Amino acid sequence: MDWASLYGTIQQSYSSEVTMFRTRFAPSPTGYMHIGNLRTALYAYLTAKGAGGTFILRIEDTDQNRNVPESVQAIYNGLRLAGIEYDEGPDKDGGYGPYVQSQRLPIYKEYAKKLTNSGHAYFCFCQKEDKPILEKTGERTQGYRDPCRNLSPDEVKAKFNEGIMPVIRQRIPDQGVSTFFDHVYGEISIDHAQLDDQVLLKSDGFPTYNFANVVDDHLMAITHVIRGQEYLTSTPKYNLLYQAFGWERPEYIHLPHIIKEDGSKLSKRKGDPSFEDLVRMGYLPEAIVNYVALLGWNPGDEREYFLLPDLVTAFDMNRIVKSNAAFSFDKLRWLNGEHIRALSPKEFHRRALPYYPAGFERFNLEQISALIQVRTENLSDIPGLVGFFGKLPSYEAELFAHQKSKSTPESSKQVLQAVQPLFAEIEEWSNENLFAVLKGLALSLGLKVGTVMWPIRTALSGQEISPGGATELAVILGKDETLRRISLGLEKLD
RNA sequence: GCUCCUAUGGUCUAGUGGUUAGGACGCGGCCCUUUCAAGGCUAAAACCCGGGUUCGAGUCCCGGUAGGAGCACCA
């Protein structure tokens, strides 16, 4: 008993009767997970999961020249990082495998043969170099029709005997218009005259994307094809293929592109970050996923903060926007801050830990984390935020003048001098005690609380701004270091 | 060149014939405050242009313009 094929059959009939959603993410392993890919994967995942369906990973490695072996690993990593879990994939058989196209070569050959037999495709013996570059010259006003499309069986046989390795081309009907429905773009019609007799099977025996995607999507029982908008105009060619095979075609969801704010496209070469790069830059994976989901889709209400499970329930492919969206680091940064603030203090601390500078073990890092969580928009802000704890920056006496706090070098000197003996006496170095002492000092000196706090905070941080106020910094620095920094401040004031 | 697609503040977007055109980021101001954040309030800022259809168009139609995409033995 062949259980694998039996399982496949069962699933297949189930899927067609119950219209179980099956979507796939089908990247080619050419490098890393870029932002557009991430969103395509996400939308495919959400479409399937929102309907209780199945999400599949398929590797499209039919271009032997462009494959980067390690990048399959990068795809796994990217999906895992994003929390996008696939139900079927190269390492997770669901009965529709193999899920790597280079392992499906005999399948493509078999189906290509069906097409040549039925006349929907033909052998072409032209050499690559023979093909003139026709586009953009104005000469190409019709779809490409290869001279080989009318070769007689004898001629084909003769060419074969010459030892020429042919390609197989799709025979596009000369007349007619193809129309299909896309969930994002609506009804699309394209004249067959615009379509080329595209190559289905290359001379190296590998299929082209144009062929493999149709065969695999059908064989893998994909119900919803979700991919970039660049495939919109070639979709009629795929539909003709479905028709030639007598297969039912899938639903289509073509996605607009993600571009830069200046309107140009994202590109690794120009230094635009990939998903992994963004994570490395200190953005939370869940924030990136959230942000990317919003680039071209909205929930129909005013929510913007989403975790993946909420996206699953909120997502609706019919609310995908048609126009390109510009990637805004400003907004990502804000959303990242939202996600950081939404973390439990414990979880934030866990994620912040790797970002603390060397030597910070001597501090109570949980306390520092508690202070900086609300002030952190990006994890990589952390070193800059906390640096002064480790080493007091050099600063000028002018820093003690602060209008809003009614602080002047004179008042600062007075406060710092008064504070020294007071602090020295404190036994329990707690925020409450420190605050009480300083409030009392303000009262006895007849000064605003701010006027007392400012010089202390300044002396402790050496900065105009700091995460946390005077007493909070003092608690973290400890009594000795606090006293030392106050003396240092006093020296500047002399 | 041909074909397809798109077009609401700087950016992401809501809007499906009648709205003071809503929200978010960013930017400005105010409040709060132990500096800065966070939080709250608030201001400025948009329907690409031209024709129609209609009592009435951001919304429908046509034409421009601008932008994007496709036209590979790449995906």
Side-chain angles (χ1 to χ4, degrees), chain A residues 26-28 30 60-63 65-66 124 126-128 131 133-144 165-169 182 184-186 188-191 193-196 198-204 206-210 212-213 227-236 254 256-257 259 261 263 265 291 294-298 300-304 319 321-335 337 341 371-377 385 402 404-405 407 435 438-439 448-450 452-454 456-458 461 463-473:
Chain A
S28 55
T30 54
E60 309 226 328
D61 58 345
T62 55
D63 185 350
N65 301 319
R66 297 211 316 178
C124 167
C126 300
Q127 295 305 294
K128 233 185 283 192
K131 298 283 177 240
I133 298 163
L134 293 171
E135 59 265 27
K136 286 171 190 157
T137 63
E139 291 171 47
R140 176 190 282 235
T141 51
Q142 297 289 302
Y144 180 72
M165 284 308 291
V167 300
I168 292 178
R169 284 184 186 276
D182 180 273
V184 175
Y185 290 98
I188 305 287
S189 289
I190 291 171
D191 205 301
Q194 290 301 323
L195 273 22
D196 288 342
Q198 61 183 350
V199 171
L200 265 21
L201 214 58
K202 306 183 229 180
S203 52
D204 63 4
F206 278 68
T208 60
Y209 168 86
N210 300 316
N213 94 83
R227 50 155 75 127
Q229 183 223 53
E230 64 271 23
Y231 297 104
L232 196 61
T233 47
S234 33
T235 297
H254 285 94
H257 289 152
I259 55 175
E261 290 199 83
K265 52 181 166 185
Y291 178 65
L294 258 17
L295 238 31
W297 170 83
N298 71 81
D301 53 40
E302 267 149 20
R303 287 176 295 165
E304 292 201 291
R319 291 195 66 87
V321 174
K322 293 173 163 138
S323 47
N324 291 348
F327 188 96
S328 161
F329 280 94
D330 277 341
K331 185 134 188 185
L332 170 61
R333 191 177 159 79
W334 165 78
L335 195 55
R341 289 185 286 273
L371 233 42
I372 63 171
Q373 179 168 6
V374 73
R375 297 169 172 89
T376 304
E377 281 206 304
L385 231 34
H402 184 68
K404 215 182 122 195
S405 308
S407 242
F435 194 79
L438 293 176
K439 218 165 170 190
K448 286 179 53 166
V449 174
V452 170
M453 297 295 186
W454 178 263
I456 300 168
R457 208 211 97 258
T458 301
S461 68
Q463 298 174 164
E464 203 176 343
I465 61 170
S466 62
T471 62
E472 293 164 314
L473 301 190

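Chain identifiers are assigned alphabetically (A, B, ...) following the order of the sequence lines, protein sequences preceding nucleic acid strands; residue numbering begins at 1 within each chain. Since this is a predicted model, take the numbers as computed values, not measurements.
As the counterpart of B:A72, no nucleotide is assigned, since no Watson-Crick or G-U wobble pattern has both distances under 3.5 Å. Of all nucleotides present, only B:G64 satisfies the Watson-Crick or G-U wobble test against B:C48, with each distance under 3.5 Å. Pairing for B:A57 is absent, judged as Watson-Crick or G-U wobble with the two contacts each under 3.5 Å.
B:G15 and B:U6 have their P atoms separated by 16 Å, with the value rounded to a whole Å. Taking atom C1' on both nucleotides, B:G52 is separated from B:A43 by 39 Å, rounded to a whole Å. Look at the C1' atom in both B:U34 and B:G26: the space between them is 28 Å, to the nearest Å. With both ends at atom P, the span from B:U35 to B:G23 equals 31 Å, rounded to whole Å. Spacing between B:A38 and B:C30 at atom P, rounded to whole Å, works out to 16 Å.
With sequence neighbours left out, the ring pair (Phe, Tyr, Trp, His ring centres under 6.0 Å) criterion links A:Phe327 to A:Tyr291, A:Phe329. Every residue meeting the salt bridge (Lys or Arg N to Asp or Glu O under 4.0 Å) condition with A:Arg333, not counting sequence neighbours, appears here in chain and number order: A:Glu377, A:Asp381. Evaluation of the ring pair (Phe, Tyr, Trp, His ring centres under 6.0 Å) rule for A:Phe435 yields no partner, not counting sequence neighbours. The side chain to side chain contact (heavy atoms under 4.5 Å, CB included) test applied to A:Glu472 returns A:Leu371, A:Asn431, not counting sequence neighbours. In this structure, the salt bridge (Lys or Arg N to Asp or Glu O under 4.0 Å) partners of A:Lys331, at least two apart in sequence or on a different chain, are A:Glu304. Looking at residues two or more places apart in sequence or on another chain, you find a side chain to side chain contact (heavy atoms under 4.5 Å, CB included) between A:Thr30 and A:Ser28, A:Arg66. Partners of A:His402 according to the ring pair (Phe, Tyr, Trp, His ring centres under 6.0 Å) rule, which considers only residues two or more places apart in sequence or in another chain, are A:Trp454. The side chain to side chain contact (heavy atoms under 4.5 Å, CB included) test applied to A:Glu230 returns A:His257, not counting sequence neighbours. Residues meeting the side chain to side chain contact (heavy atoms under 4.5 Å, CB included) test with A:Gln373, sequence neighbours left out: A:Ile340, A:Leu343, A:Pro345, A:Phe348.
Using a 4.0 Å heavy-atom criterion, one finds that A:Asn210 contacts the bases of the nucleic acid, with or without backbone contacts as well. Looking at heavy-atom distances under 4.0 Å, A:Thr62 makes contact with sugar-phosphate atoms alone, never a base. Using a 4.0 Å heavy-atom distance criterion, A:Val167 is classed as a base contact. Counting any heavy atom pair closer than 4.0 Å across all strands shown, A:Lys265 reaches sugar-phosphate atoms only and no base atom. The residue A:Ala470 sits close to a base: some heavy atom pair falls under 4.0 Å. Within 4.0 Å (heavy atoms only), A:Arg303 reaches no atom of the nucleic acid at all. Using a 4.0 Å heavy-atom criterion, one finds that A:Gly468 contacts the bases of the nucleic acid, with or without backbone contacts as well. Contacts of A:Ser466 with the nucleic acid, taken as non-hydrogen atoms under 4.0 Å apart, include base atoms. As judged by a 4.0 angstrom heavy-atom cut-off over every strand, A:Val452 is placed among residues making no nucleic acid contact.
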List every contact pair, protein side and nucleotides 37-41 of chain B side both N or O, where the distance is under 3.5 Å.
unit_1, atom_1, unit_2, atom_2, d
B:A37, O2', A:Val374, O, 3.3

Below 3.5 Å is the cut-off: list the nitrogen or oxygen pairs between protein and nucleotides 19-23 of chain B, distance only.
unit_1, atom_1, unit_2, atom_2, d
B:G23, O4', A:Glu302, OE2, 3.1

Are any protein N/O atoms closer than 3.5 Å to N/O atoms in nucleotides 62-64 of chain B? If there are, list each pair with its distance.
none

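Under 3.5 Å, the side chain of A:Thr471 and the base of B:U34 form at least one donor-acceptor pair of N or O atoms. One can find a donor-acceptor pair under 3.5 Å joining the base of B:A75 and the side-chain atoms of A:Tyr231. For a distance-only test at 3.5 Å, the side chain of A:Ser328 fails to qualify as a donor-acceptor partner of the base of B:C25.
When the side-chain nitrogen and oxygen atoms of A:Lys202 are compared with OP1 and OP2 of B:A72, none of them lie within a distance under 4.0 Å. The side chain of A:Arg66 contributes no N or O atom lying less than 4.0 Å from OP1 or OP2 of B:A75.
In this structure the side chain of A:Arg169 never reaches within 4.5 angstrom of the side chain of A:Gln198, judged on heavy atoms.
Taking atom CZ of A:Phe329 as the reference point, atom C1' of B:C27 lies 20 Å away to the nearest angstrom. The CD atom of A:Glu472 sits 15 Å away from the P atom of B:U33 (whole-angstrom rounding).
Minimum interatomic distance between A:Ala325 and A:Leu295 (heavy atoms only, all atoms of both residues): CB-CG, 4.0 Å.
Between A:Phe435 and B:U34, a base-stacking contact is recorded: ring centres under 5.5 Å apart, planes less than 30° from parallel.
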